[in-house]
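Here the structure comes first, spelled out in structure tokens, and everything after it is commentary.
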Number of protein chains: 2
Amino acid sequence: MFKELDPLLHSQLRLAVISLLMSLEEADFVFLREKTGATAGNLSVQLEKLSEAGYIEVAKSFLGKRPRTTCRITAQGQKAFEEYIEAIKGYIG
Amino acid sequence: MFKELDPLLHSQLRLAVISLLMSLEEADFVFLREKTGATAGNLSVQLEKLSEAGYIEVAKSFLGKRPRTTCRITAQGQKAFEEYIEAIKGYIG
DNA sequence: AACATTTGGTTTATAATATAAACTTATTTA
DNA sequence: TAAATAAGTTTATATTATAAACCAAATGTT
């Protein structure tokens, strides 16, 4: 009846990030920070967790002289998100 | 775009409890423990939180000689649950 | 040139949370 | 009478989420 809710996704900020990345080829740090309204510190930590889990890929490069952190979702991340949706539906009917 | 997810409901066990109580007139402690698979300790703590928030009402009585804890959702709890559903839909599309 | 401010983050500290383990009190059962 | 079960509660611990503090480089200001 109640499936496990993947704790990596059952977090407001990480869920928002994954949700954004599902519909975007890629998104950079500043974009994610603005869209989610998170603080940079919090976002940094949560991106790191998603990255460690293999749910997203994080690439660091430069745009001109400024650093740029770009994220994209992995196949594993997509699968996890889809499973999360199925699971939470069991709770919200 | 991303609404706040009520932290009281954005918890696997509390969400399961509320979900059950939405479709039941009332439910007792043992029933909730079995349906959710939670430990008694965890359930006790989470029921207390939901109760403090005014999302559920907890009544303690006796069934024969054994104690019996019965829960039912309040109007406030129903409203919070419905709002939670709307909010999470913003994340899962 | 020198100083302050902004940008794009990371690291660290703290407060809140979820959870299980340990405990309590009373009741059956052997 | 002793052991086991029932129905919880309290306490301890480990994990989390989050913001505050920090850092390095670039840009703007006097």
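Below, chains carry the letters A, B, ... as their sequence lines are ordered, and counting in each starts from 1.
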Using a 4.5 Å cut-off on heavy atoms from C-beta on, say whether the side chain of [Y] contacts that of [X].
{"X": "B:Leu20", "Y": "A:Phe2", "result": "yes"}
{"X": "A:Tyr84", "Y": "A:Ile18", "result": "no"}
{"X": "B:Lys49", "Y": "B:Gln46", "result": "yes"}
{"X": "B:Glu34", "Y": "B:Val30", "result": "yes"}
{"X": "B:Lys79", "Y": "B:Glu83", "result": "yes"}

Value in whole Å for how far the [atom2] atom of [N] lies from [atom1] of [X]:
{"X": "A:Leu43", "N": "C:dT7", "atom1": "CG", "atom2": "P", "result": "16 Å"}
{"X": "B:Arg33", "N": "D:dA7", "atom1": "CZ", "atom2": "C1'", "result": "8 Å"}
{"X": "B:Arg68", "N": "D:dG8", "atom1": "CZ", "atom2": "P", "result": "9 Å"}
{"X": "A:Leu32", "N": "C:dT7", "atom1": "CG", "atom2": "C1'", "result": "16 Å"}
{"X": "B:Phe62", "N": "C:dT25", "atom1": "CZ", "atom2": "P", "result": "14 Å"}
{"X": "A:Leu47", "N": "C:dT11", "atom1": "CG", "atom2": "C1'", "result": "15 Å"}
{"X": "B:Leu9", "N": "C:dT17", "atom1": "CG", "atom2": "C1'", "result": "15 Å"}
{"X": "B:Phe31", "N": "D:dA7", "atom1": "CZ", "atom2": "C1'", "result": "17 Å"}

**Message:** Need the bend value for the helix from C:dA1-D:dT30 to C:dA30-D:dT1: angle between end axes, 5 pairs each end, nearest 10°.
**Reply:** 10°
**Asked** How does each nucleotide of nucleotides 13-28 of chain D score, in 5' to 3' order, for protein heavy atoms under 4.0 Å: base (B), sugar-phosphate only (S), or none (-)?
**Response** ----SBBB-----SS-
I'd like a table of donor-acceptor pairs (distance under 3.5 Å, sequence neighbours excluded) in which one partner is a side-chain atom from residues 67-75 of chain A, with atom names and distances.
residue : atom : partner : partner atom : Å
A:Arg68 : NE   : A:Asp28 : OD2          : 3.4
A:Arg68 : NH2  : A:Asp28 : OD2          : 3.4
A:Arg72 : NH2  : A:Glu26 : OE1          : 2.6
A:Thr74 : OG1  : A:Gly54 : O            : 2.6
A:Thr74 : OG1  : A:Tyr55 : O            : 3.2
A:Thr74 : OG1  : A:Gln76 : N            : 3.4
A:Thr74 : OG1  : A:Gly77 : N            : 3.0

**Asked** Where the side chain of A:Thr36 meets the backbone of A:Leu32, is there a donor-acceptor pair that is under 3.5 Å apart?
**Response** yes
**Request:** Without swapping roles, check the side chain of A:Tyr91 against the backbone of A:Lys3 for a donor-acceptor pair under 3.5 Å.
**Result:** yes
**Message:** Under 4.0 Å from OP1 or OP2 of C:dG9: is there any side-chain N or O of A:Thr69 that close?
**Reply:** yes
**Asked** With the 4.5 Å side-chain cut-off for hydrophobic clustering, are B:Leu5 and A:Ile85 part of the same group?
**Response** yes
